[in-house]
Amino acid sequence: MNLTELNKVAEAMVAPGRGILAADESTSTITKRFGAIGVESTPISRRDYREMLFRSTEAMAKHISGVILYDETIRQNAKDGTPLVKVIEQAGSIPGIKVDKGTKPLPFHPNELITEGLDGLRERLVEYRGLGAKFAKWRAVIDIGPGIPSYGALMTNAHALARYAALCEDENIVPIVEPEVLMDGDHDIDRCAQITAWVLNTVFEQLFYQRVPLEGMVLKPNMVVPGKKSPKRASVEEVAEKTLRVLKAAVPAAVPGIAFLSGGQSDEEATAHLDAINKMGPLPWRVTFSYGRALQAAPQKAWAGKADNVAAAQRALGHRARMNGLATLGEWKADLERKAA
Ligand code: 13P
């Protein structure tokens, strides 16, 4: 392990004004997204769509520090034959790879999931590094509901995250450690805060036991928000304040950066929350975005699978990337959204 190099990559992933584009949807997830815009999902249409994102020169050069790829994409070439990994690098961004193998039901834990993919992971990391990946991602999913999460499910997922992170760093790949507390339920913001605190404390305990140097990783947590079906909504300031309270108590300052997932928040909500959190600085770590839906919803809609729409879709991604870039500095204003609309 070369911790100096890992730390350099981690710092670059969370550099001021920049954040991560999560473009690592599994084939079934991207097929669902394409279905919503009337596009058939084939290896070529998926390649064309992602090539369009990675060739959004302005967004990539200025605001996208890294791109998380799916196994299919890291092996694909652009239309002109250039590997997509090279397209990303030439745009000034860092390629990364999702390495977990998705979730399965956890035995004897009804309605709870475990993320799989540890077997053979070292060998896969070596291969991905050869293909150009400098960082990786593993997502654990924790749902909130009656009687869940359980300690067993939470601890097992945290343990897997820590095993993954240790293997990554040992193979000189920066691990994005992603324990996602879902926002699907009807729970209020305080229950989300309580569970997120429990999850993060357990994750850092397991990282400690696996002897993972925190300087070489990036944390990708959820924000503290009410469940989507909760009648009790929270203001932007309340989300920022409660998110920071939990993070400050659970995330050691040795972690270079925190890159939030968007988790089903609207584009503008995800930006406003990130901005409000950064306005409450100075913070012990860099705080940025690692958004999938909140960066891609607008370009997907603008693109709709038509070559004629590529420029409009790239402008849509450019706008969201710029808004989120400003939010990493606490310099976003709602006015900027309206002017662009
Ligand atoms: P969302 O921002 O759409 O939640 O996706 C981020 C991600 O990578 C989830 O694993």
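Since we're looking at a predicted model, the values are computed, not measured. As the structure lists them, so they are numbered: ligands from 1, and atoms in each ligand from 1.
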Write out each pair where an N or O from ligand 1 and one from the protein are under 3.5 Å apart, with the distance.
residue: ligand 1; atom: 2 (O); partner: S262; partner atom: N; Å: 2.9
residue: ligand 1; atom: 2 (O); partner: S262; partner atom: OG; Å: 2.4
residue: ligand 1; atom: 2 (O); partner: G292; partner atom: N; Å: 2.8
residue: ligand 1; atom: 3 (O); partner: R293; partner atom: N; Å: 2.8
residue: ligand 1; atom: 3 (O); partner: R293; partner atom: NE; Å: 2.7
residue: ligand 1; atom: 4 (O); partner: G263; partner atom: N; Å: 2.7
residue: ligand 1; atom: 4 (O); partner: R293; partner atom: NH2; Å: 3.1
residue: ligand 1; atom: 8 (O); partner: K137; partner atom: NZ; Å: 2.7
residue: ligand 1; atom: 8 (O); partner: K220; partner atom: NZ; Å: 2.6
residue: ligand 1; atom: 10 (O); partner: K137; partner atom: NZ; Å: 2.5
residue: ligand 1; atom: 10 (O); partner: E178; partner atom: OE1; Å: 3.1
residue: ligand 1; atom: 10 (O); partner: E178; partner atom: OE2; Å: 2.9

Please indicate whether R129 has more than 12 foreign heavy atoms, meaning atoms of other residues, nucleotides or ligands, lying under 6.0 Å from its CZ.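 Yes.
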
Can you confirm whether E58 is buried at CD, in the sense that more than 12 heavy atoms of other residues, nucleotides or ligands lie under 6.0 Å from that atom?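 It does not: E58 CD has 12 such atoms or fewer within range.
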
Would you call the rings of Y151 and W198 parallel, tilted or perpendicular, where under 30° means parallel and over 60° means perpendicular?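 Plane angle under 30°, so parallel.
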
Salt bridge check: are R139 and D24 linked by an N-O gap of less than 4.0 Å?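 Salt bridge: no.
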
Of all heavy-atom pairs between A327 and T271, which one has the smallest distance, and what is that distance?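 Distance-wise, the nearest heavy atoms are CB-O, 3.6 Å.
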
Side-chain (N278) to main-chain (V287) donor-acceptor, under 3.5 angstrom: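 The answer is yes, because a donor-acceptor pair under 3.5 Å joins these two groups.
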
